[in-house]
Amino acid sequence: MSTALVILAAGKGTRMNSDMPKVLHQIANAPMLIHAMRSGAPLDPERTVIVAGHGFDAVKAAVEDYDPEATVVLQEEQKGTAHAVDAARAALADFDGDVIVLFGDTPFVRSETLENMVAARKDNAVVVLGFEAADPGKYGRLVMDGDQLSAIVEYADATDEQRAITFCNSGVMLAGGEEMFALIDAVEANNAQDEYYLTDIVGIARDNGLSVTAVACEEEETLGINSRLHLSQAEAIFQARARAELMDLGVTLQQPETVMLSHDTIIGRDTVIEPNVYFGPDVTVESGTHIRAFSHLEGCHVSRGGVVGPYARLRPGAELAENVRIGNFVEIKNAILDEGAKVNHLSYIGDASVGHDTNIGAGTITCNYDGVMKHKTTIGANAFIGSNTMLVAPVTIGDQAMTASGSVITSDVPAEALALARAKQATKPGLATKMFDLLKSKKKKRDEGAN
Ligand code: UD1
Ligand code: MG
């Protein structure tokens, strides 16, 4: 059976206290809506329809950026979850498969859970995803009758007896598309909130002799995000899952709870990650590398055998070939470092390429910005850049060339040449002692004057 995904994301999210629509707030550096879209991906949906309202343009842009095939429809006024699904009707007019409804603010439903729902759908017209709530609060309550679901009762409309039920509605629902829209037609807004509840289709289906059941999942999967506190809890859940997955894949995390990952972080096996490492978006780290403590990586690639940190910063466009070493207080941006290159201490390498086995001394800076434009530094293979060299770009250093430490290099250095670009040293024998004596007598006079 083909499936369409309908994700409800029109709500304002008042409790986020934000100018940004709730579903665009990020978890692991991707909007929570994208996580919700991903959670439905294991169903291999033939269509994806996002129902947006508040912040429509921003939501549409984020969705299209992630999946250009997805359709974003407008629900102008938010009149309830049934009304929201109804907004997807036109987009699914010619679709005759199943429809699964997810919430854009409930991003962590597992693929196994969705598979359980699909399995239950074989014998049921409607399948609802429920969970045993530790604190059922204001969730809709699932009223069961054996293995059949009789009704979902919203908290505001529930009797005391119903409020005592702890099996709650996650909001995820699966049904045949045509049937779902037919049931929605029968939904009325006669309830405590004057809303069209999607949950009402359960009772209506049962009244029509259809079978409806509920499948249970872990409460963690149904975490709905309504506040910044929930957002931080969602981040923690994502991080815990992602770290566990990495460790399963053979990555050592010495202190897992201190490592922050992004939604798309890729790390190869037998890599060791020391404590307090941050992976921003778009990072791939190959097998057998060592990322040392307090490093910050983003938009970069580290190849096999690399060592990064401690306290290193790899910014977008940092491309490290095999066995490259980046040491403490080194920043690399938009630069390609060839095999075996080393930048071990206190340096900035930006808009540059560095040849294989080149050694960049401590305190080297590529002066890539002239205040208006960025310029490139090209360094050959097996070169040696002396400590505290300023490479004023655009500039090229040839293979096996050397720069003397403290040099300010403003013109190209050919292969195998040594460039010295610093003031000549003058050494005066005995002058230090004279200087000390002079200074001490000055100090003495000053101290006496003060008394
Ligand atoms: C809903 C369920 C409740 C369930 C709970 C789980 C209904 C009537 N109630 O309640 O049983 O326990 O979720 O979290 O379905 N939305 C729209 N347009 C609207 C209304 C809502 O797009 O007109 C979207 C919201 O942005 C949100 C989702 O639908 O992503 C759920 O809406 P929300 O108002 O949070 O429903 P709850 O009251 O939490
Ligand atoms: Mg809610």
Side-chain angles (χ1 to χ4, degrees), residues 26-30 35 38 108 232 234-350 352-364 381:
Q26 299 200 331
I27 300 165
N29 295 311
H35 288 271
R38 273 205 192 167
F108 294 142
S232 72
E235 183 76 44
I237 290 170
F238 179 92
Q239 294 295 336
R241 272 194 197 179
R243 291 169 191 139
E245 271 167 29
L246 278 182
M247 290 188 277
D248 275 349
L249 291 170
V251 177
T252 295
L253 303 182
Q254 290 179 338
Q255 199 175 359
E257 66 279 12
T258 67
V259 174
M260 293 296 286
L261 303 161
S262 278
H263 64 104
D264 58 354
T265 304
I266 297 174
I267 304 178
R269 70 202 282 263
D270 289 326
T271 280
V272 175
I273 314 287
E274 292 186 6
N276 296 297
V277 176
Y278 182 89
F279 293 91
D282 192 22
V283 174
T284 46
V285 174
E286 290 184 11
S287 300
T289 63
H290 195 139
I291 311 295
R292 304 191 62 192
F294 296 100
S295 294
H296 190 285
L297 291 77
E298 170 182 20
C300 63
H301 176 82
V302 181
S303 302
R304 205 172 270 272
V307 180
V308 173
Y311 298 97
R313 179 161 183 216
L314 301 183
R315 290 175 53 202
E319 280 281 336
L320 277 46
E322 290 188 11
N323 301 314
V324 165
R325 298 178 77 97
I326 303 299
N328 40 238
F329 308 109
V330 172
E331 174 180 343
I332 310 281
K333 184 215 76 172
N334 187 30
I336 298 176
L337 281 79
D338 241 342
E339 227 177 303
K342 292 187 184 65
V343 192
N344 275 332
H345 332 266
L346 299 153
S347 292
Y348 171 59
I349 304 297
S353 67
V354 177
H356 69 81
D357 298 305
T358 281
N359 192 315
I360 309 271
T364 296

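Note that the structure is a prediction, hence the values are computed from the model and not measured. Residue numbers run from 1 in the order of the sequence given.
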Take Val277 and Phe294 through the test side-chain contact (heavy atoms from CB on, under 4.5 Å) and record every step on the way to the result. CA-CA 5 Å; Val277 176; Phe294 296 100; over 6 Å; no
Are any of the side-chain heavy atoms of Val302 and Val308 separated by less than 4.5 Å? yes
Of Ile273, Asp270, Val272, which is the lone residue that meets side-chain contact (heavy atoms from CB on, under 4.5 Å) with Val251? Ile273
Test side-chain contact (heavy atoms from CB on, under 4.5 Å) on Glu235 and Gln26; report intermediate values, then the result. CA-CA 9 Å; Glu235 183 76 44; Gln26 299 200 331; over 6 Å; no
Enter the distance from Ser287:OG to Arg269:CZ here, rounded to the nearest 0.5 Å. 7.0 Å
Rounded to the nearest 0.5 angstrom, the CZ-SG distance for Arg315 and Cys300 is 11.5 Å
Give a yes or no on whether the backbone of Ser347 and the side-chain of Thr364 come within a donor-acceptor separation of less than 3.5 Å. no
Would you mind telling me which of Ile291, Ile332, Thr265 makes a side-chain contact (heavy atoms from CB on, under 4.5 Å) with Leu297? Ile291
Is Glu274 paired with Arg292 through a side-chain N to carboxylate O contact shorter than 4.0 Å? yes
Non-hydrogen side-chain atoms of Leu320 and Leu314 separated by less than 4.5 Å: yes
Nearest heavy-atom pair of Ser262 and Pro281: which atoms, and what distance? OG-N, 3.2 Å
Compare every heavy atom of Phe279 with every heavy atom of Asn29, then report the nearest pair and how far apart it is. ND2-O, 4.2 Å
Using atom types as modelled and distance alone, determine if a side-chain donor or acceptor of Gln239 lies under 3.5 Å from a backbone N or O of Leu261. yes
Ring centre gap for His296 and Tyr311 strictly below 6.0 Å: no
Would you check if Asp282 and Glu298 make a side-chain contact, meaning some heavy-atom pair closer than 4.5 Å? no
Donor-acceptor pair, side chain of His35 and main chain of Ile27, under 3.5 angstrom: yes
His263 side chain near Arg38 side chain, heavy-atom distance below 4.5 Å: yes
All heavy atoms of Ser295 vs all of Gly309, minimum pair found to be OG-CA, 3.4 Å
Hey, what do you get for CG (Asn328) to CG (Asn344), rounding to the nearest 0.5 Å? 8.0 Å
I need the minimum non-hydrogen distance between Pro256 and Arg243, along with the two atoms involved. O-NE, 2.7 Å
If we ignore hydrogens and angles and just use 3.5 Å, is the side chain of Thr289 paired with the main-chain N or O of Gly306 as donor and acceptor? no
Looking at NE2 of His356 and CD of Glu339, how far apart are the two atoms once the value is rounded to the nearest 0.5 Å? 8.5 Å
Mind checking whether Val354 and Ile336 have side chains closer than 4.5 Å, heavy atoms only? no
Report the distance from atom NZ of Lys342 to atom CG of Leu337, rounding to the nearest 0.5 Å. 11.5 Å
Can you confirm whether Lys333 sits close enough to Tyr348 that some side-chain heavy atom of one is under 4.5 Å from a side-chain heavy atom of the other? yes
Please report the shortest heavy-atom distance between Ile360 and Val343, naming the atom on each side. CG1-CG2, 3.8 Å
Arg241 side chain vs Phe108 backbone, donor-acceptor pair below 3.5 Å: yes
Considering all heavy atoms, the nearest Asp338-Val324 contact: O-CG2, 3.3 Å
OG1 of Thr252 to NE2 of His290: how many Å apart, nearest 0.5 Å? 9.5 Å
